[in-house]
Structures are given as C-alpha cells and as structure tokens.
Amino acid sequence: MEKKKLDNAAEVKKDEALKESFAEIRRAAKADRQEDTPKTAEAPRKAAVKSAVKKEEKAAVKAAAKKEEKVAPKKGRKPAAKAAEPKLSVTLEFNGRQIHVEEVQKQALKAAKKAKKDAKSVEVYVVANQSAAYYVIDGEGKDEYKINL
C-alpha cells in the first residue's frame, strides 16, 4: 500500500514539473509575439525557452529509457535460439542395393537439362523391379528419359 502512495507521489511530482515547463514555454512564446519589448530583454527570454526545452528533453529521454528498460531483455539471458531443421536424407533399399534419392534427383535434373534446356518441371519415377528411374520433362515422357540405377 505504501509503495502505491510513493508511486502516486512521484507521478504527481512529474506531472507538476511538466506543467511548469509547459507554462514556461507558453510564457516565452507569448513574449516572442510581443514586438514592443526591448532587445535587452531578449536574452533572459531565450534562456527561459532553452531551460524549458531542456527540461522537456530530459523528461522525454527518461520516458524513453523507461520504455526501453521494459523491452530490453535482462542481462545474462540469451534470447532463445530457433531450433534448426534436421537434415533430411531418403534412401531406398531393395534387392540388397541402396539408392539415395538426392543422387537420382541430381542425375535426372542434369539429364533433363541436356534433353531440354528450358525445362520448367521434372518429375522422377523410380521403378524398383527394373532398377531404373524414369523422368518426365514438362509433362512429356519418352523411353530415352531413363536412368539406370
């Protein structure tokens, strides 16, 4: 309960300080509008405006620092690192042989580029009982589009 009272008292003091600085700024602006004042009075007016502006800047800096404190992570803590995706590898095993899918894809893509330079899509079909992979270029397949495994 006492902490709330202290917080409220601090808030009231801050509000009063801001009101004072705004009042000084208004007075300085009003004095600037008056053209009848002698030039000797100009220096104190400028000093009043500068001090009012400094007070405002200090208040703004403090407010920004408070917001930054709330957002900044506590010292000693590291931000949580994102978990890296695991490396994926697919291997087909049949008739005592191992075939890596990546290698078949690379071979099919290389052969497809030789057959048709401007190929937009390549589909690969592995036929295990024939020990072969067939590829289709842009939806068109031919007997010669074959990779022996």
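The first residue of the sequence shown is numbered 1, and numbering continues consecutively from there.
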E102 CD to L88 CG distance, which is reported to the nearest 0.5 Å: 8.0 Å
Apply the side-chain contact (heavy atoms from CB on, under 4.5 Å) test between I137 and each candidate in K142, K116, K113; give the one that qualifies. K116
Closest heavy-atom contact between G139 and S121? N-OG, 4.4 Å
What is the minimum heavy-atom distance between A119 and D138, and which atoms define it? CA-OD2, 3.6 Å
Residue set satisfying side chain to side chain donor-acceptor pair (under 3.5 Å) with Q130, at least two apart, ordered chain then number -> Y134
How many angstroms lie between CD in Q107 and CG in N148, if you round to the nearest 0.5 Å? 9.5 Å
Shortest non-hydrogen contact between A111 and Y135, atoms and distance: CB-OH, 3.2 Å
Got I99 and F94 here, is their nearest side-chain heavy-atom distance under 4.5 Å? yes
Residues at least two apart in sequence or cross-chain that pass side chain to side chain donor-acceptor pair (under 3.5 Å) with E144, listed by chain then number, are none
Could you check whether any side-chain N or O of R97 sits under 3.5 Å from a backbone N or O of L149, counting only pairs where one atom can act as donor and the other as acceptor? yes
Single-linkage hydrophobic cluster, 4.5 Å side-chain cutoff, Y125 and V122 together: no
Closest non-hydrogen atom pair, A133 against V124: CB-CG1, 4.2 Å
